[in-house]
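Report on one structure; see the data block that follows.
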Amino acid sequence: MAVSEFYDAHPNYTTRIVIATRDSGGDVVQAAASALDLINNVQVQAILGPETSMQANFLIPLGEKAQIPVISFSASSPTLASIRSPYFFRATQKDSTQVNAIAAIVKAFSWRQVVPIYVDNAYGELMTMQTRVFVVHMAPNLGARLFAKAKEVEMMSPGYVWIVTDGITGFLNSIDSSVLESMQGVLGVKPHVPRTKEVLEFRSRWKRKFQRDHPYGLWAYDATVALATAIEKAGQATNFTFLNNSSSSNADLDRIRASSSGPNLALELSRAKFAGLSGEFAMEPDGQLKGSAYEVVNVNGNGGRVVGYWTRGGGLARELANESTAGRSASRESLMRTVIWPGDAAAVPKKLRIGVPVKDGFSEFVSVTTDPETNKTSVTGYCIDIFEAVVQTLPYALPFEYVPFANATGDSAGTYNDLVYQVFLGNFDAVVGDTTVIANRSNYVDFTLPYTESGVSMVVPVRPDGSKNAWLFLKPLTWDLWMTTFLFFLFIGFVVWVLEHRISKDFRGPPSHQAGTSLWFSFSTMVFAHRENVVSNLARTVVIIWCFVVLILTQSYTASFTSLLTVQRLQPTVTDINELLRKGEFVGYQDGSFVVGLLKRIGFRDDRLVPYDNSDHCDTLFGQGRIAAAFDEIPYIKLFLAKHCSKYMMTDPSYKTDGFGFVFPKGSVLVPDISRAVLNVTEGDKMTKIEEAWFGKNSRCPESSTSVSPGGQLGLNSFWSLFLIAGVAAVSALIIFAATFVYQHRQILLQQQEGEDNSQSKPSFWRRIMRLLRTFDKKDLKCHTFRDDNRVGNNEVNLVSLNVMSPSAYSVQTEFPVDSSTAAAATPPPIDSSTELHYNDNVEAQGVEISIDLHQNFSGAGQIDDGYDNDEITRH
């Protein structure tokens, strides 16, 4: 098309171009093979059109060896210029000329970082890069796949910027509509082509002939015109022949012959200069086409819309006619027309402006410093590290910059409430720092989840505990535990007496003796010094459980008492906020904190509130006696106590707050993502490392507790389960014993009583109960502990019943261990005052009957421990 139109316009030219075409199919090797065939077999005088830079890279050495020009209208790689071949001519703009145009766009919008994406880049990691400005330089087919994927992962949404080079921008008119749909909001650059009459007519003819547009068609047309003109001029001085090759090799490369007209043709091409369809056509000395203006195109709708121009001398401009003043205005609007960004966003994507507080104290949380030499501001601190760790865990990049909330002198520009309100006013996009989440602030902004402990508490000086006196031994246990333990000693002693009274000699005797033995046995278990024999299995079970309880109590008491004697105890000077209000004491608060409002609501007067700037200032106020207490948030208090462990203590009351959080505008889409990221950071090891870095590993007070407790006493709430177990065991043993005893002696409850008139009548219930209790008070001679006492020796008599018949004699019925045939002949031994009488109330009335003369000298007769009352002695 270009050849025919050129010679139609120049019919008097004596030379003509004969075109020999080869289709490489986009393959580099095939392109090189086709070039060898054209040189050796067709003997062409020039090669026009290696489409890609890779093909041109192979063809340039072949053209130089054959001394024929190689002219490319689409190979734009800057690396081709480094070959420096006098036979290579680039009839299009090289890629490096676009850099200045793209850089001007980046500068105009104050973007500090961009990510270049070229053919070998993987788009899978783009979201995690700490920038959202991407420059894409690749072929249209790969670009279409890239943007389709970017839209799928929501990277074509507000906040992202995509800039494409002319490799894609030049094909916008021929790209499929579905691809354009995924590229909405993209900026692109491409060489500027003047909209002349010739260009419009050419495009019309091109479309009629080829039914489609081609981005390099204008440059191909101009390259053909330049070659035809150079051939005409070179043909007047030389013949288009090839020199002989003396090589005897059959290899294609060795058979290449040099063109005799090549040097003159290359010279004429380097001198070519005319007004082409693509603009002014002129070659640089190195064979590169002179640079031209660039258009800035915004993809919107079904194509691209020109929003500005860039020229080498003038920079960016809304109109090309304003080249002399382009780029000199500070207003971005004067440089470019309105751009529709990805996601149909009208606002320019930029970094978040994050406000940070400026403060004198507690710099561990937030610190703003300025280098006096470079005037560069640095923001550091615990809160800053937490925020940056949170941003790193986001699934996408979040560009931001810190802006200190300071006035012209570098001091704080207001309180924390003022800082938060700047987000509501739109002066900041967010606030990062030790900003507490409270209700009235949430009316204007949104907070993320907190990342620190919550609450406001009171700090007071401490004094040594003066409770080390003669009664210090009572302090390890609370009074309720003392009383419960004492009552359980009595109760366990009673239970053991009940279970052992009938079967153990150690628990018998006069009432005072029995009571003393029971109490001695119970309390001696405290030091495990009890010597009384425990016979009943029920009693043994109770004693074992009780000894376990006593062991736990004594060990706990010993540990607590040892701590009281050896560890220094500090007590707060104030434990009640009402005491401060009643006495009108001065209290301190951190300057600029919301705590001052809380104190006023509690009831403190303004003249009783003293602000402090940092922890050292607070310590000074305490030392000078200017404040009796200080109120602050728990993170600050912990940091304060870490520096002044031995002098102060955190006490109640504590007022609930939600801790430190990050501030964003109402309805910000970042709040849910940031909140989830906060949870990931606070639940992981990263949080611990940050805390250790800023507050140290031993940030807690080693000398005393940081909060007031009831002196470390052991209370009933710590041991009630042990008492419950011991009580249940003891009561269960009593119930089992009582049930067994009543069942064994049920005849007492069911027996008839003989009246004085020999009539049969049932005794009263109370009388039967008393008889049952008297039976309980007797020995249980069936028990193995009393079986040896049933045997009778020479001086032993078992008394079954003893009843007074007359002042002179008793009738005693006994049983001797002899057979019945000799029982009547036996002579009972004499009984005197030293004779020991034994009885067995369960022995049947078998044996001999003896009479005892009580008129004998038997002074011990009235003190016989027979286990019976006189009413129970049976008259014989």
Ile105 vs Val189, test: side chain to side chain contact (heavy atoms under 4.5 Å, CB included). Steps then yes/no. CA-CA 10 Å; Ile105 297 174; Val189 294; 3.9 Å; yes

Tell me whether Gln93 contacts the main-chain N or O of Lys290 through its side chain, where contact means a donor paired with an acceptor under 3.5 Å. yes

Heavy-atom distance under 4.5 Å between the side chains of Val70 and Pro50, does that happen here? yes

From Leu146 atom CG to Ile168 atom CD1, the distance as rounded to the nearest 0.5 Å: 7.0 Å

Between Asn680 and Thr393, does any side-chain donor sit less than 3.5 Å from a side-chain acceptor? no

Output, in order, the C-alpha distance, side-chain angles, deciding distance and verdict of side chain to side chain contact (heavy atoms under 4.5 Å, CB included) for Lys151 and Met183. CA-CA 8 Å; Lys151 185 176 182 180; Met183 295 179 60; over 6 Å; no

Could I get the full list of side-chain hydrogen bond (donor to acceptor under 3.5 Å, both in side chains) partners for Arg205, not counting sequence neighbours? Glu5

Do the non-hydrogen side-chain atoms of Ser270 and Phe89 ever get within less than 4.5 Å of each other? yes

Could you grab the distance from atom CD of Glu201 to atom CG of Leu277, nearest 0.5 Å is fine? 10.0 Å

Exam field: side chain Thr169 to backbone Gly188, donor-acceptor pair closer than 3.5 Å: no

Show the numbers, then the answer: is there a side chain to side chain contact (heavy atoms under 4.5 Å, CB included) between Ile340 and Arg305? CA-CA 10 Å; Ile340 305 300; Arg305 178 175 59 92; 4.2 Å; yes

Kindly give the heavy-atom pair with the smallest separation between Leu320 and Ala293, and that separation in Å. CD1-CB, 4.0 Å

Parallel, tilted or perpendicular: rings of Phe202 and Tyr221 (30°, 60°): perpendicular

With rounding to the nearest 0.5 angstrom, report the OG to CG distance, Ser278 to Asp222. 4.0 Å

Compare all side-chain heavy atoms of Ile117 with those of Trp162 and state whether any distance is below 4.5 angstrom. yes

Using only heavy-atom distances, determine whether the side chains of Thr14 and Glu232 contain a donor-acceptor pair under 3.5 Å. yes

With Glu373 via salt bridge (charged side-chain N to carboxylate O under 4.0 Å, His left out) - residues at least two apart: none

Does CG belonging to Asp371 count more than 12 external heavy atoms closer than 6.0 Å? yes

Compare every heavy atom of Gly304 with every heavy atom of Leu172, then report the nearest pair and how far apart it is. CD1-CA, 4.2 Å

Take Val164 and Phe147 through the test side chain to side chain contact (heavy atoms under 4.5 Å, CB included) and record every step on the way to the result. CA-CA 11 Å; Val164 297; Phe147 285 106; 3.5 Å; yes

Rounded to the nearest 0.5 Å, what's the gap from CZ on Arg312 to OG on Ser292? Could you check? 9.0 Å

What distance separates Phe400 CZ from Leu670 CG, expressed to the nearest 0.5 Å? 12.0 Å

d(Leu38 CG, Arg22 CZ) to nearest 0.5 Å is 4.5 Å

Does the side chain of Gln184 come within less than 4.5 Å of Asn300's, by heavy atoms? yes

Only one of Gln67, Gln45, Gln43 passes side chain to side chain donor-acceptor pair (under 3.5 Å) with Ser259, and that residue is Gln45

Ala32 and Leu62: which non-hydrogen atoms are nearest, and at how many Å? O-CD1, 3.9 Å

What class does the angle between the rings of Tyr294 and Trp310 fall in, given that below 30° is parallel, 30 to 60° is tilted and above 60° is perpendicular? tilted

Residues, nucleotides or ligands: over 12 heavy atoms within 6.0 Å of Tyr13 OH: yes

Atom CE of Met283 with >12 non-hydrogen neighbours under 6.0 angstrom: yes

Less than 4.5 Å apart, side chain to side chain, heavy atoms only: is that true for Ile354 and Phe387? yes

Heavy-atom pair with the smallest gap, counting every atom of Ile71 and Ala223: CG2-CB, 4.1 Å

Determine the minimum heavy-atom distance between Tyr7 and Ile17, stating which atoms define it. OH-N, 3.1 Å

State, with a plain yes or no, whether a side-chain heavy atom of Leu218 is found less than 4.5 Å away from one of Arg203. yes

Does any N or O in the side chain of Arg318 come within less than 3.5 Å of the main-chain N or O of Gly308, such that one atom is a donor and the other an acceptor? no

Is it the case that over 12 heavy atoms from other parts of the model lie below 6.0 angstrom from the CG atom of Asp37? yes

Can you find a pair of side-chain heavy atoms, one from Leu289 and one from Arg90, that are under 4.5 Å apart? no

When you compare the side chain of Thr224 with that of Phe6, does any pair of heavy atoms fall below 4.5 Å? no

When every non-hydrogen atom of Ile256 is compared with those of Leu36, the smallest separation belongs to CD1-CD2, 3.5 Å

Give a yes-or-no answer on whether the side chains of Asp166 and Gln98 include a donor-acceptor pair shorter than 3.5 Å. yes

